[in-house]
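One structure is given below, encoded as structure tokens.
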Amino acid sequence: MSAGDVTYSENQNGDDASGKLLYQLEQKLERIGERLNPILVKEVRQALKSRMFVIVFALMLIFGWAWSIFGVLLVLSPGVYYNPGGPTMLCGYFFVLAVPLIVAVPLMAFWSLAGERDDGTFELVSITSLTARQIVTGKLGSAIVQMIVFSSALSPCIAFTYLLRGIDIITVFWVLGWTVLISILLSFFAICFATISRSVMWQVFLSVVLVLAFLIAGFSWSSVVVQTLFYGSLPVETGEFWVMNLFVMMMYLSFCLLFTLAAAGKLSFPSDNRSTKIRYAMIIQQLLWVGWMIALALQERDPGVFLVFASCAGFYWLVMGALLSGESPQLSPRARRDLPQSFLGRMVGTWFNPGSGTGYIFAVTSFLGFILVTAFFEITIAVGDGINWSRSRGFDNRLMFAGLAWAYLTTYLGIGRLILLFLRRFYQLGIVASLLVQVILLVLGILLSASAQVLVNGFQNNDYTALQLGNWAWTLAEASDSRGRLPLEVPILIFASAGVVFFVNVCLSLPEIKAVREATPDRVIEEEKELHPERFTEKGGPANPWSDDPSPGSGAEKPSSPEG
Amino acid sequence: MNRPMIELRRVHRFFGDTRAVDDVSFEIPAGEVFGYIGPNGAGKTTSMRILATLDVPTYGDAFVDGFSVVNDPDRVRRRLGFMPDYYGTYANVNCTEYLDFFARAYGLIGRERAKSLKYVMDFTGLDGLAEKPIRGLSKGMKQRLCLGRAMIHDPSVLILDEPAAGLDPRARIELRRMIRSLASDGKAILISSHILTELDEMCDRVGILEQGTLLATGSVADMQDGMRATPQVGDPSMTEIHARVLNTGASLGHWLADRDGISHVVVDGEIVRFTYAGDRQAEAALLREMVLAEFPVVEFAARTKSLEDVFLHVTQGVVQ
């Protein structure tokens with residue numbers, strides 16, 4: 001129904017109760033429709049009429065019907081009363097549904113945003129009152145609507161499999177539920193990818209990368225589903241199964257949040273604060289990670305858990321650190337308006353401010369925090385178990401591994417940031433370039449160390465030597481191995497270089513760290529007073545240590561910016 | 001407070017070594033149509049995009065209703081309608097759906113949105129094509145649709161980049177009428193066009209841009225007036241005048257040649273052209289003398305220059 005058709009008559013009454021009820025329901029739905037994300041409304045209107053959707057939908061129906069006939073002939077043999085045909089039928093329908101859900105829908109989400117950025121319509125949308133986050137969630141909402149349409153079309157077939165032997169309702173829901181969730185995550189990922197570049201050449205390249213990634217994800221998930229349906233069953237009666245699902249779900253949601261904020265950040269106006277919320281999301285992920293690590297360590301009583309979680313955390317902070325230290329070191333006046341200005345606020349909040357230097361320090365200290373928390377809990381658990389923690393099995397190795405991982409992270413991220421700062425004098429470089437510089441550095445670290453060892457020792461000596469100082473992979477492997485032979489000078493040199501690089505980076509980050517709040521322009525305050533007079537009270541004063549001084553003209557009297 | 005609706009304050013925009021916009025400043029008050037003239041690559045679109053919050057200046061700032069386009073783009077966007085030099089339409093939607101989407105995107109809900117849609121449809125004359133798919137619209141109708149999109153949220157500032165490009169004469173006249181009507185509602189309008197005669201009739205003031213630099217600004221009449229005393233040859237302080245007399249062109253030529261302050265007399269049948277060193281009062285006195293000398297004068301005018309003349313005079317035809 002077009003907007004022009006909407007009637008807003010208040011006097012219309014139904015002749016009977018049911019008519020009145022229908023009328024009220026329609027009014028309610030209309031009101032809900034008014035509040036829907038405009039992008040979602042537009043995208044659904046467009047997507048459901050698009051040729052690609054129609055083709056994919058038609059193909060899915062054809063293959064669904066074909067499998068229904070073929071599958072029935074295959075499984076409904078005379079042995080139907082004792083042969084379990086459910087898994088076979090469900091597996092077939094899963095494949096029919098997985099292709100549109102895991103490949104087509106995320107790819108359509110990618111092209112929807114990339115296409116708009118290419119043909120200029122995105123520019124027209126970006127100058128409306130819609131926020132970047134609304135644009136991202138609207139696109140995702142449209143992808144979810146398509147998923148619902150695809151799933152609904154096959155739902156009678158899937159319900160039919162439940163009537164057959166060998167399949168239970170939990171398995172059906174588990175398989176389909178996670179397939180939809182994976183499709184949503186991949187759609188988030190695709191939308192994030194679409195924000196990377198506006199160049200057609202890059203978009204074609206990125207779409208090829210995405211298709212490959214979707215295929216890999218599809219094959220991986222399919223193998224899990226096939227394994228579950230044919231060679232095992234879901235251990236639904238055990239607590240671990242549900243705990244594991246909860247863990248995956250929580251990490252899943254945190255990554256969805258991160259992807260949304262990242263995509264919205266890329267789409268937002270250059271002077272916007274694109275980074276602070278992303279850093280909050282990273283801290284949430286870190287807290288979740290720490291929480292699950294501790295829970296698992298308490299459950300398993302295996303210190304090896306710490307090593308696995310620390311490795312993952314190191315990799316995570318390496319990627320995030322590379323992206324954060326690739327931010328622009330210039331803080332826009334708009335972003336400066338919301339900087340913390342009380343002592344405690346600046347102490348804690350400065351590292352959440354956008355900027356290359358604060359990003360680097362944020363990543364490095366966050367990983368250090370993770371290591372310290374890990375060490376603390378390992379000791380606590382050991383003490384709780386009555387074990388002398390300093391002599392507990394492999395503690396030294398784990399501590400050395402974590403320390404060296406932090407030192408390598410600090411050094412490589414720091415050097416990468418310094419290179420980027422130098423290159424930015426000549427070229428305009430973004431966060432993708434920062435990531436690229438980091439990858440090159442990490443590869444060079446391995447290659448140069450290996451080459452040096454070959455040049456000095458020849459091909460005969462394959463043992464670890466101090467020449468592998470830059471080879472983070474071998475050094476860390478050596479550190480984590482209880483039989484490893486790490487020369488004493490190696491950790492000393494690595495920690496020293498980390499200290500030097502960190503110091504240089506902190507010195508270069510001083511302008512960012514010292515940035516102070518900028519007063520909100522009078523014109524903005526004037527309009528805010530007109531729009532929200534209730535937010536401007538006569539008496540001020542900080543309500544807590546994080547609040548700001550209510551000094552006039554400091555901008556403190558301004559409430560948080562309505563546009564966030 | 002009487003603040004300009006649009007203000008560019010020393011705006012610079014560099015793309016590498018190219019100075020797309022180089023120190024441009026001007027103001028546009030409410031209710032004024034400001035024409036932006038310049039050859040291709042002069043920096044018109046770049047500065048319009050900066051105003052529309054689609055780009056940021058390298059130095060300087062621009063303001064819409066007192067809000068900075070760099071630091072308060074959200075507030076600027078609420079007050080601004082932008083019509084770029086491309087259509088920016090979607091496939092698979094009709095005119096109503098298209099406008100409805102933008103109305104929603106500008107936060108219009110319920111009756112307010114329905115009212116706004118109806119007004120825009122009426123204003124742009126698209127009401128008869130409401131359900132027609134956009135891909136089936138003519139160029140002129142698409143331009144109307146895009147103008148409708150730009151004004152769907154009733155902005156106080158309109159920025160129109162080449163809105164008349166590709167339109168037939170009737171559509172151009174209608175567009176001109178629409179723009180004048182919007183200005184009379186108090187909207188500040190910045191409009192660029194290559195069709196200078198269009199701007200001549202539509203704009204209150206114009207700005208001439210070349211190689212990113214604003215060479216001249218002022219009302220069309222002032223600009224023409226400022227150039228009326230500049231003949232092609234001779235003293236630039238003299239006014240070029242042409243007079244038409246019935247059957248006595250040659251006599252008038254001789255009569256003028258004998259008078260002080262008159263030079264370069266050229267007789268072309270009934271038309272006599274000459275340059276004259278005098279102000280408007282002196283011109284009026286000369287005309288009176290011609291009439292008293294019984295010359296049958298039917299035309300007497302200082303040769304005014306068209307906006308095209310002004311444009312050609314001010315610019316050098318250099319592109320970057």
Side-chain angles (χ1 to χ4, degrees), chain A residues 2-8 30-31 33-43 45-51 115-116 119-131 134-135 138 268-272 332-337 428 518 520-524 526-528 561-564, chain B residues 1 3 16 49 52-56 61 63 65-78 80-84 86-111 113-114 116-118 121 127 130-131 146 149-150 152-153:
Chain A
S2 68
D5 299 328
V6 176
T7 56
Y8 295 94
E30 223 169 75
R31 273 197 286 274
E34 287 293 334
R35 302 284 168 190
L36 281 177
N37 185 329
I39 295 280
L40 173 64
V41 176
K42 189 267 292 181
E43 287 285 319
R45 275 174 178 160
Q46 267 190 293
L48 299 187
K49 284 190 262 182
S50 77
R51 194 176 294 169
E116 280 211 44
D119 65 22
T121 48
F122 177 78
E123 288 195 335
L124 300 176
V125 174
S126 71
I127 57 169
T128 63
S129 304
L130 291 173
T131 61
Q134 276 179 300
I135 295 173
S268 62
F269 195 70
S271 70
D272 276 346
S332 72
R334 178 178 166 80
R336 280 172 191 260
R337 283 183 206 163
Q428 276 195 325
E518 205 163 270
T520 307
D522 292 342
R523 180 72 182 102
V524 176
E526 188 185 307
E527 191 185 54
E528 277 299 298
S561 174
E563 61 269 11
Chain B
M1 193 176 163
R3 70 172 71 85
R49 284 173 60 81
T53 71
L54 289 170
D55 199 357
V56 283
D61 205 347
F63 298 86
D65 195 15
F67 293 107
S68 158
V69 296
V70 179
N71 294 315
D72 294 295
D74 307 6
R75 290 168 207 271
V76 168
R77 287 166 180 174
R78 284 204 292 267
L80 182 131
F82 177 53
M83 184 177 167
Y86 54 86
Y87 296 125
T89 52
Y90 293 107
N92 304 323
V93 291
N94 62 35
C95 295
T96 308
E97 287 171 344
Y98 183 72
L99 291 175
D100 176 60
F101 162 63
F102 278 97
R104 282 171 185 268
Y106 278 108
L108 302 179
I109 55 169
R111 287 177 185 179
R113 195 175 73 238
S116 181
L117 272 174
K118 188 175 179 325
M121 288 284 199
D127 34 8
E131 302 303 320
C146 293
R149 181 202 60 229
I152 192 81
H153 58 302

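Reminder, nothing fancy here: chain letters follow the sequence lines and each chain counts from 1.
- At least one donor-acceptor pair under 3.5 Å links the side chain of A:Lys49 to the backbone N or O of B:Asn92.
- For A:Leu48, no part lies near chain B; criterion is any non-hydrogen pair under 4.5 Å.
- Atom NZ of B:Lys118 is surrounded by 12 or fewer heavy atoms from other residues, nucleotides or ligands within 6.0 Å.
- Comment: A:Glu528 does not engage A:Arg337 in a salt bridge, judged by the lack of any side-chain N to carboxylate O separation of less than 4.0 angstrom.
- There is no contact between B:Phe63 and chain A, counting heavy-atom distances below 4.5 Å.
- Between chain A and the options B:Leu108, B:Leu54, B:Leu99, the largest number of non-hydrogen pairs under 4.5 Å is found for B:Leu54.
- For chain A, the option among B:Pro84, B:Pro73, B:Ala150 with the highest count of heavy-atom pairs below 4.5 Å is B:Pro73.
- Of the possible polar contacts, none joining the A:Ser271 side chain to the A:Ser332 backbone as a donor-acceptor pair under 3.5 Å is found.
- Of the two parts of B:Ser68, neither the backbone nor the side chain holds a non-hydrogen atom closer than 4.5 Å to a non-hydrogen atom of chain A.
- Only the side chain of A:Glu116 has a heavy atom closer than 4.5 Å to any heavy atom of chain B.
- Taking the six-membered ring where the residue is Trp, B:Tyr106 and B:His153 present parallel rings, their angle staying beneath 30° rather than reaching 60°.
- For a residue to count as touching a neighbouring chain, one of its non-hydrogen atoms must lie under 4.5 Å from one of that chain's; by this rule A:Arg51 does not touch chain B.
- With chain B as the partner, the residue from A:Ile127, A:Leu130, A:Val41, A:Thr121 showing the most heavy-atom pairs under 4.5 Å is A:Ile127.
- The main-chain N or O of B:Arg113 is never found under 3.5 Å from a side-chain atom of B:Ser116 such that the two would form a donor-acceptor pair.
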